[in-house]
Amino acid sequence: MNTETIKKEENKSAKTERISGSEAIIRCLIAEGVDILYGYPGGAIMPVYDELFKYQDRIHHVLTRHEQGAAHAAQGYARISGKVGVAMATSGPGATNLITGIADAQIDSTPIVCITGQVPSHLLGTDAFQETDIVGISTPVTKWNAQVTKASEIPEVMAKAFYIAKSGRPGPVLVDITKDAQFEEFDFKYEKCTAVRSYNPIPKTDINQVKAAAELINNAKKPMIVWGQGVILGKAEEELIAVVEKSGVPAAWTILGASAIPTSHPLNIGMVGMHGNYAPNKLTNECDVLIAIGMRFDDRVTGSLDTYAKQAKVIHFDIDPAEINKNVKADVAVLGNSKESLALLLSELNANTHDSWLQEFKDLYAIEYDAVIKGDLLPEKEGLTMGEVLKEINTHSKGNAAIVSDVGQHQMIACRYAEFNLSKSNITSGGLGTMGFALPAAIGAKMAEPDREVVAIIGDGGYQMNIQELGTIFQQKVPVKIVVLNNEFLGMVRQWQQLFFDKRYASTEMTNPDFVTIAKGYYIDAKRVTKREELADAVKEMIASDASYFLEVCVEKEDNVFPMIPSGASVSDVRLS
Amino acid sequence: MSQEIKTFTISVYTENNIGLLNRISAIFQRRHINIESLTTSQSEIKDVNRFVIVVKITEEQAIKVVGQIEKQVEAIRAYYHTNEETIFTESCMFKIKSDLLFEEPQIQNIIKDSDSRIVTVNKEFFVLEKSGRRFEIEELREKFEAYGIMQFVRSGRIAVTKDEMKVSELLEDFKKL
């Protein structure tokens, strides 16, 4: 590696010490502030685990029950804390099992570093036992990856890995280390990476673009903000609230942007996208200026691009130049870190209000309330709804819980109805839509922020995709709360089958085991609720518990999630039934 | 923006690291874009490689692909250019039976007129090298084909641009950090 291509933090006090590659890996992790990592041992990573054993007072290794669980736990850790999550696995199947989590982290911009063991360098390319080309396999789903075959390369590659994972638009990095490099001794010294020559993580914000944006906003009659995770990743929550309050612009959020502004804020007008709120979807096609902040116009947000906000001037704030004009053409593009660009915007904005425009959102909310929300939250039918479970969780957690949801109907309900007082509270697999995400991600989230209430909300399908992580919860005594909303269906697919495939329920019906018995098998307190009158007390008991707790709620089998923008339809064609 | 499919030359300046070829080619594969040719070599800057990639796409696609390439950590800069904006050439080699030089007098005239160069001659075969535009190479190949070609190979396009790339300045700025 050419050392002139990166800049390092000078560390004059650091002495050079002769240690093994494995010990160096642990020392690099400690130097980067890693206190917890998730992983699974195996042949090609054993020297590192041997060192972990010696360092267990300084770095806590969590043995998950599957490497996919380790990757998602690292994601949950990163999403709630803003720090880099770390997962470790052996070569071959260990490494390939990380891939789903890595792909999820890539599309949701989550900073994680994955360390994989590799067969000794002299066996590379020989189809050796548990050899797989993990660098090749992970290339399209990593922000950066590298293979290390010499111990002396470890400090620089690890420093680069952490720097790249967390800087700019964050993402996953994989470092593959051959077993001989783990054993080899060398003169170790660690210096953090501060810059990479070919990499410009934060493009400079052009004040003229900020001024152009401010002018559009100041003159707008019907402006609307849609913010995404870029606000949370840029730690720009305060700046966003200040911009919203000064300009009086109604603000909606994407799934990954949820919780950056509290749910109760009067200018928070709800979620956009396929199962988002009626008003912000409808009015996307009525606004005169659309201000997109740290979001990427995903197809689940925009519906058909041909009919998306065509009447509006579009202002796009983003840290990633490749997002500008990728899906929606921007009239004004403001590059840079959201914290800085929103602070600059704030000083250019006029104080304003948009009361009659805001009233349009409220009027449409009233329509959505009558058609959908009332029935979800205050049902009069016999069967339990997913919405009323969320309502109870809001009540008993007082809106302070971090909600970790899986993928499907329950996820949409969780995102729609969870009340968030605090940022980084909605942890879910957005871009990749990874069933099985929530249980391990909740472990990572709870371990990163033990003082926060962490409630995993999972469907009966996704729960069984990583149910083995109950073992991790039991062994590590992670006081995470697990709610399974059981409708005995792969509910979202069933909903689509009902709406678009003439109710042909192909392979979506689930014959489920006794989930309560399974949880109890792991010595986790568990309860099943089948009746409305049991729900409030059960949720209360769960939230009050100091230990991990499993709650199964048997909900109506064939409920649908509305509103809904059918795939490929326009946002203004959002359906209420 | 024009939706017309045109030939674009994409030039990428990169660090010289293992795996980057895979990372860059995957960007095309993922969008179902066929790479017409791809050449990589040392650039004018020490330790900096240059990829020259030829694709037939729309300008909108070219802009997006260049954006995705630049997003790669080890890609320094990427550009797209039309044929008119570049000076480009390809190179090829013919391996032909030496007997033909004596049996077919016309062969010698073809060689003379073709602006090509004899690399080696021995009793069995001779090797001819020619650089130029694709149509010139194709013309020559068709002429030889009548007499029989033992082997033929053609390189991908190499190209320099008429305008400046300013990559050196970018790298100088890094040194000042």
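Predicted model, so just to flag it, every value in this text is computed and none were measured. FYI, side chains are in, hydrogens and waters are out, and symmetry mates aren't considered; it's all heavy atoms of this structure. Below, read A as the first sequence line, B as the second, and so on, with proteins coming before strands; counting in each chain starts at 1.
- Atom CZ of residue Arg157(B) and atom CG of residue Asn83(B) lie 4.5 Å apart, to the nearest 0.5 angstrom.
- Salt bridge status for Glu145(B) with Arg141(B): present, with a side-chain N to carboxylate O gap under 4.0 Å.
- Relative ring orientation between Phe152(B) and Phe94(B) is described as tilted, the plane-to-plane angle lying within the 30° to 60° band.
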Give the C-alpha distance, both sets of side-chain angles, the deciding distance and a yes or no for salt bridge (Lys or Arg N to Asp or Glu O under 4.0 Å) between Glu60(B) and Lys64(B). CA-CA 6 Å; Glu60(B) 192 183 330; Lys64(B) 288 181 184 175; 3.2 Å; yes
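- Contact annotation for Val135(A): neither backbone nor side-chain heavy atoms come within less than 4.5 Å of a heavy atom of chain B.
- Relative to the six-membered ring of Phe174(B), Lys7(A) meets both conditions, a distance below 6.0 Å and an angle of at most 45° to the axis.
- Heavy-atom distances place no part of Thr194(A) under 4.5 Å from chain B, backbone and side chain included.
- Minimum heavy-atom separation, Ser98(B) to Asn122(B): OG-O, 2.6 Å.
- Residues of residues 314-323 of chain A that come closer than 4.5 Å to chain B, counting heavy atoms only, are Asp320(A), Ala322(A), Glu323(A), ordered by residue number.
- Within 6.0 Å of atom NZ in Lys204(A), 12 or fewer heavy atoms from other residues, nucleotides or ligands are found, so the atom counts as exposed in its surroundings.
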